[in-house]
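For reference, the structure is listed below as structure tokens.
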Amino acid sequence: NAGVTQTPKFRILKIGQSMTLQCTQDMNHNYMYWYRQDPGMGLKLIYYSVGAGITDKGEVPNGYNVSRSTTEDFPLRLELAAPSQTSVYFCASSPPGRSTGQGSGYEQYFGPGTRLTVT
Amino acid sequence: AQSVTQLGSHVSVSEGALVLLRCNYSSSVPPYLFWYVQYPNQGLQLLLKYTSAATLVKGINGFEAEFKKSETSFHLTKPSAHMSDAAEYFCAVRANAGNNRKLIWGLGTSLAVNP
């Protein structure tokens, strides 16, 4: 399994441009997440999905959009890029697991990240 | 609000010394707790997890963590630091509510290992 893959690895955008960050997982995980990571600020959840066709906002959704048409793919769309969106973006997925007991899922598996600069 | 506190944003140890990274959490449900490691310019990798089994959890690379309910703590330790342990470490707890398997994250601790 390749796990969670993200493309591109690096991108420089001009203010006002748009782009899509791609995320794919081959582990048949129901749950998927997009985070951004800024120095000293930890991980902030942008959007998440509990399954194909279902998405919801996280802590910092403004300026972003997502879709989940398949179990495998969870792209993140940036419209009208702003300097405040300069960050490292991580996609993660989580298995369904069992509802109780040991090894009940919840662990998240991360992609390698996309480093985005908006100038 | 639910939270994870990692005491010390930067920790420095000598090679061969004990590593202790502290994590305290809040949770209104039985907690599931996690430690992740992030090497420079990489994604996060699961080190170990606690999901209500043994309170002393062993992970990869010689790390272990002990769940102490009375102290709401889940500190990460390693008996002897290696240069390759230099990285950012994150503690996380499962969110109280919702069927979304979200995690609440600490801000991270940067570990430096000195020769």
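First the proteins, then the strands, lettered A, B, ... as listed; each starts at 1. Bear in mind the structure is a predicted one, so any value in this text is a computation, not a measurement.
Taken to the nearest 0.5 Å, the CD atom of B:Glu66 stands 12.0 Å off from the CG atom of B:Leu76. From B:Leu46, atom CG reaches atom CZ of A:Phe110 across 9.5 Å, with rounding to the nearest 0.5 Å.
Of the atoms belonging to B:Tyr50, not a single heavy atom falls under 4.5 Å from chain A. Residue B:Gln6 does not touch chain A at all, counting heavy-atom pairs closer than 4.5 Å.
Contact tally against chain A (heavy-atom pairs below 4.5 Å) for B:Lys102, B:Gln42, B:Gln45: the top residue is B:Lys102.
Scanning residues 23-48 of chain A against chain B with a 4.5 Å non-hydrogen threshold yields A:Tyr31, A:Tyr33, A:Tyr35, A:Gln37, A:Gly40, A:Met41, A:Gly42, A:Leu43, A:Leu45, A:Tyr48, sorted by number.
By the salt bridge (Lys or Arg N to Asp or Glu O under 4.0 Å) test, B:Glu64 pairs with B:Lys58, sequence neighbours left out.
Side-chain atoms of B:Thr72 never come within 3.5 Å of backbone atoms of B:Asn24 as a donor-acceptor pair (strictly under, hydrogens ignored). Side-chain atoms of B:Lys78 come within 3.5 Å of backbone atoms of B:Asn61 as a donor-acceptor pair (strictly under, hydrogens ignored).
Judged by a 6.0 Å distance limit and a 45° cone about the ring axis, A:Arg115 is not positioned over the six-membered ring of A:Phe10.
A salt bridge is absent between A:Arg68 and A:Asp73: the closest approach of a Lys/Arg side-chain nitrogen to an acidic carboxylate oxygen does not fall below 4.0 angstrom.
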